[in-house]
Amino acid sequence: MRASQLHLPTLREPPKDAETISHQYLVRAGYIRRVSAGIYSFLPLGVRSMEKVKRIVRDEMDKAGAQEVFLPAMVPAELWQESGRWQKYGPELLRVKDRKNADYCIGPTHEEVIVDLVRKDVRSYKQLPVNLYQIQTKFRDEIRPRAGLMRGREFIMKDAYSFDADQAGAHKSYKRMYEAYNAIFSRLGLRFRPVEADTGNIGGSMSHEFQVLADSGEDAIVACDRCDFAANVEKAPLQDLGFAAIDPAIGAARAVETPGAKSIEQVCKVLGCKPEAMIKAVLYMADDLPAVAFVRGDREANEVKVKQALGATAVYLAEAEWFAKATGLPPGYLGPLLPVGYDAKKVRFVADFEIKALASAVCGANEKQQHLVDVVPARDLANLSYADLRMAVQGDACPRCQPQGTLQSFKGIEVGHVFYLGQKYSKAMSATFLDEQGKEQVFEMGCYGIGITRILSAAIEQNHDARGIRWPVSIAPWECAVLGLGGEAPITETAANLYRDLQSAGVETVLDDRDERPGIKFADADLIGYPVQVIVGKRAGEGIVEVKLRHSGDKLELPVAGLAGRLGRAVAAARNGAPLTAADLG
Ligand code: ATP
Ligand code: MG
């Protein structure tokens, strides 16, 4: 393609609403244009990169035995009523009415539609297993669409759904998808980690998010520095390391005045103690009853774990006023030692395992303006109920290979999700088949999503510099740009010949034949992110050009003779997601 004919409107300035690098570059380099909040048009470059992502996803899905279908975006309400989600799904679900006043939604995900399809056509175990996928536009009316394609309202997803006769089969299907996802994200040239994720209301351990590692990511992950354990911080289980030994030198717990000191910081200031020696009370409403989770003063309580520990179905942070009224205890001065004679049925206490390991602690006294010091958990809090309640952090012991491994923190962008569903949807929608004995059975399901458009943002968050995008070869809109620095022979001739030869060698090439200054051509090429730039300048007459590799930054002077073949081989090798370096051009 000749740049002079390419619809390639690059901008000098980033759009005002773009805070993240990927959003800025996608707009500035002419990949996308905003139409409305979280809704974008794709320009030719954007389409090319997106199509490459789709091609890799399709290829690996097909290889894993999944088959492509295409489901409607408009979904009748009846299907969602059957699954129960018409009521449960919040305002993210865009509900619309047709001219006959019938209810529909624009599908944010397609479990209902696929279950309906499969229950009508699959009647026998002989037709199982089956795994169907589609690549399609989804709509979720996200409360805060942000960062361009990262969190759109309209976005493109690959969603697959597997149907098996039994659990063993479903686990096998899950494993195949897990492996296919590893292959997909490797081929996309991304640094990623599959991490164990929370399974929400479904339970079980079979859910993995595929996270692209990037500092700008929204998700907090911990991963072991020794073994392959990696999990969302909410999900990572932490262990009970037992009580600290009782130090006989520490006297009995006693109350001290701490007027006005309600927060951890204020108490530390008044008493000269450290947050890690404090017991923090986090107030909850658990199934409408007051409950308190005690964690170390420097830690964060994990609502998912608190809910589990309390065996509650719904847990919310409690309003201080409501809590005080319901328990008669003073928020801000709350501790695990209840006053003598207090009716313990009014409130539930649960403490994090880590509290046990404190030699001595400071906590609220359950009296206004007072705290307790010299609280020795092994001595004073032996009867408290303990559980794993907090978020994992950097430095925690790995729950899998402990005591050797240590957890490290990462930020991630969720680009894919594999989920074992069991019979959640098939049961609700009475989707059954006949087994070998002719008995009716409910399908075992899994669902598997990939954020096609989010991948473009994630790839840029991970691969950029101050000048622009540094695409992996596998998803760059074009693999190579030939920049002719001047309008006269031999520069123009060399550039045109190289352009022709590179195309013959199978390299997707753009010839920047625009009548622009070199500075502008360099800036655009770096911004757009062509993995290979061939710069035809002063030495063209001697048969020498410069080759610049955008990702590694390597620059080499190379003879024109044989260059197209060399680049053809190097680029072909990098299409599997491997980085392209100067060594590949040898
Ligand atoms: P998130 O926690 O980021 O909202 P999710 O858990 O709602 O994601 P899924 O329902 O598992 O996401 O959807 C599958 C994939 O679709 C996600 O892994 C993500 O890559 C992508 N995705 C989800 N929501 C959006 C969105 N609003 N914009 C772009 N991609 C999205
Ligand atoms: Mg979401």
Side-chain angles (χ1 to χ4, degrees), residues 20 22-23 26 32 34-40 42 46 50 53-54 56-57 61 83 85 88-94 105-114 133-161 174 177-178 180-182 184-185 188 190 192-202 206-214 216-221 232-235 304 411-421 424-425 445-462:
T20 57
S22 58
H23 186 186
L26 281 169
I32 59 169
R34 180 182 186 273
V35 177
S36 173
I39 300 180
Y40 289 85
F42 282 72
M50 177 164 67
V53 173
K54 288 185 191 171
I56 290 171
V57 169
M61 290 301 291
S83 72
R85 281 206 289 187
K88 273 189 221 144
Y89 217 96
E92 255 185 44
L93 185 67
L94 185 69
C105 66
I106 314 279
T109 173
H110 277 70
E111 283 80 5
E112 285 82 356
V113 180
I114 201 91
Y133 76 96
Q134 63 169 343
I135 294 179
Q136 188 217 28
T137 299
K138 299 280 189 252
F139 195 93
R140 295 182 182 180
D141 203 352
E142 299 271 359
I143 185 163
R144 260 175 238 99
R146 61 175 284 274
L149 304 180
M150 194 72 85
R151 184 170 298 285
R153 292 199 298 158
E154 182 173 306
F155 60 97
I156 296 178
M157 196 201 286
K158 185 285 299 177
D159 45 329
Y161 306 88
Y174 182 94
M177 283 296 106
Y178 180 89
Y181 274 39
N182 276 298
I184 288 167
F185 294 113
L188 291 171
L190 300 172
F192 69 97
R193 268 198 101 137
V195 310
E196 291 177 22
D198 181 39
T199 45
N201 296 328
I202 292 167
M206 299 256 285
S207 171
H208 286 87
E209 289 168 357
F210 284 75
Q211 296 275 358
V212 163
L213 306 176
S216 59
E218 277 186 355
D219 294 351
I221 302 161
N232 202 299
V233 286
E234 291 194 344
K235 165 82 186 181
V304 175
K411 289 281 185 191
I413 301 167
E414 182 196 323
V415 287
H417 197 174
V418 291
F419 210 116
Y420 165 62
L421 288 171
K424 184 179 155 89
Y425 293 94
M445 287 178 65
C447 68
Y448 317 94
I450 289 185
I452 301 284
T453 39
R454 183 181 283 182
I455 283 171
L456 298 177
S457 294
I460 297 172
E461 289 297 331
Q462 198 174 64

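Read the numbers this way: they start at 1 and go in the same order the structure lists the ligands and their atoms.
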**OP:** Considering the heavy atoms of E142, write down every atom of ligand 1 situated less than 4.0 Å from one of them.
**Re:** 24 (N), 26 (C), 27 (N)
Subject >> NZ/NE/NH1/NH2 to OD/OE distance under 4.0 Å, R85 and E112 >> reply: yes
Subject >> Enumerated ligand 1 atoms positioned under 4.0 Å from heavy atoms of G152 >> reply: 26 (C), 27 (N), 28 (N), 29 (C)
Original post:
If you count the atoms of ligand 1 from 1 in the order shown, which ones are under 4.0 Å from a heavy atom of E414?
Top reply: 2 (O), 6 (O), 8 (O), 11 (O), 12 (O), 17 (C), 18 (O), 19 (C), 20 (O)
Original post:
Would R146 and E218 pass as an ion pair if we require N to O under 4.0 Å?
Top reply: yes
**OP:** May I ask whether D219 has any heavy atom positioned less than 4.0 angstrom from an atom of ligand 1?
**Re:** no
Compile the donor-acceptor pairs under 3.5 Å between side chains in residues 446-453 and protein atoms, sequence neighbours left out, one pair per line.
unit_1: Y448; atom_1: OH; unit_2: S162; atom_2: OG; d: 2.7
unit_1: T453; atom_1: OG1; unit_2: I156; atom_2: N; d: 3.1

Original post:
For E414, does its backbone N or O pair with a side-chain atom of Q211 as donor and acceptor, under 3.5 Å?
Top reply: yes
**OP:** Say whether, by atom type as modelled, one donor and one acceptor occur between the side chain of R153 and the main chain of A37 under 3.5 angstrom.
**Re:** yes
Original post:
What about the rings of Y181 and F210, do their centers lie closer together than 6.0 Å?
Top reply: yes
Original post:
Any non-hydrogen atom of V415 lying under 4.0 Å from ligand 1?
Top reply: yes
**OP:** Compare R140, M157, H417, E209 and give the one whose heavy atom is closest to atom 12 (O) of ligand 1.
**Re:** R140
**OP:** Please round to the nearest 0.5 Å and tell me the distance separating atom CD1 of I455 and atom CG of L188.
**Re:** 5.0 Å
**OP:** Please confirm whether T453 comes within less than 3.5 Å of ligand 1 when only nitrogen or oxygen atoms on both sides are compared.
**Re:** no
Original post:
Mind checking whether E218 has a heavy atom under 4.0 Å from ligand 1?
Top reply: no
Original post:
Going by the order shown, which atoms of ligand 1 are within less than 4.0 Å of some heavy atom of L149?
Top reply: 29 (C)
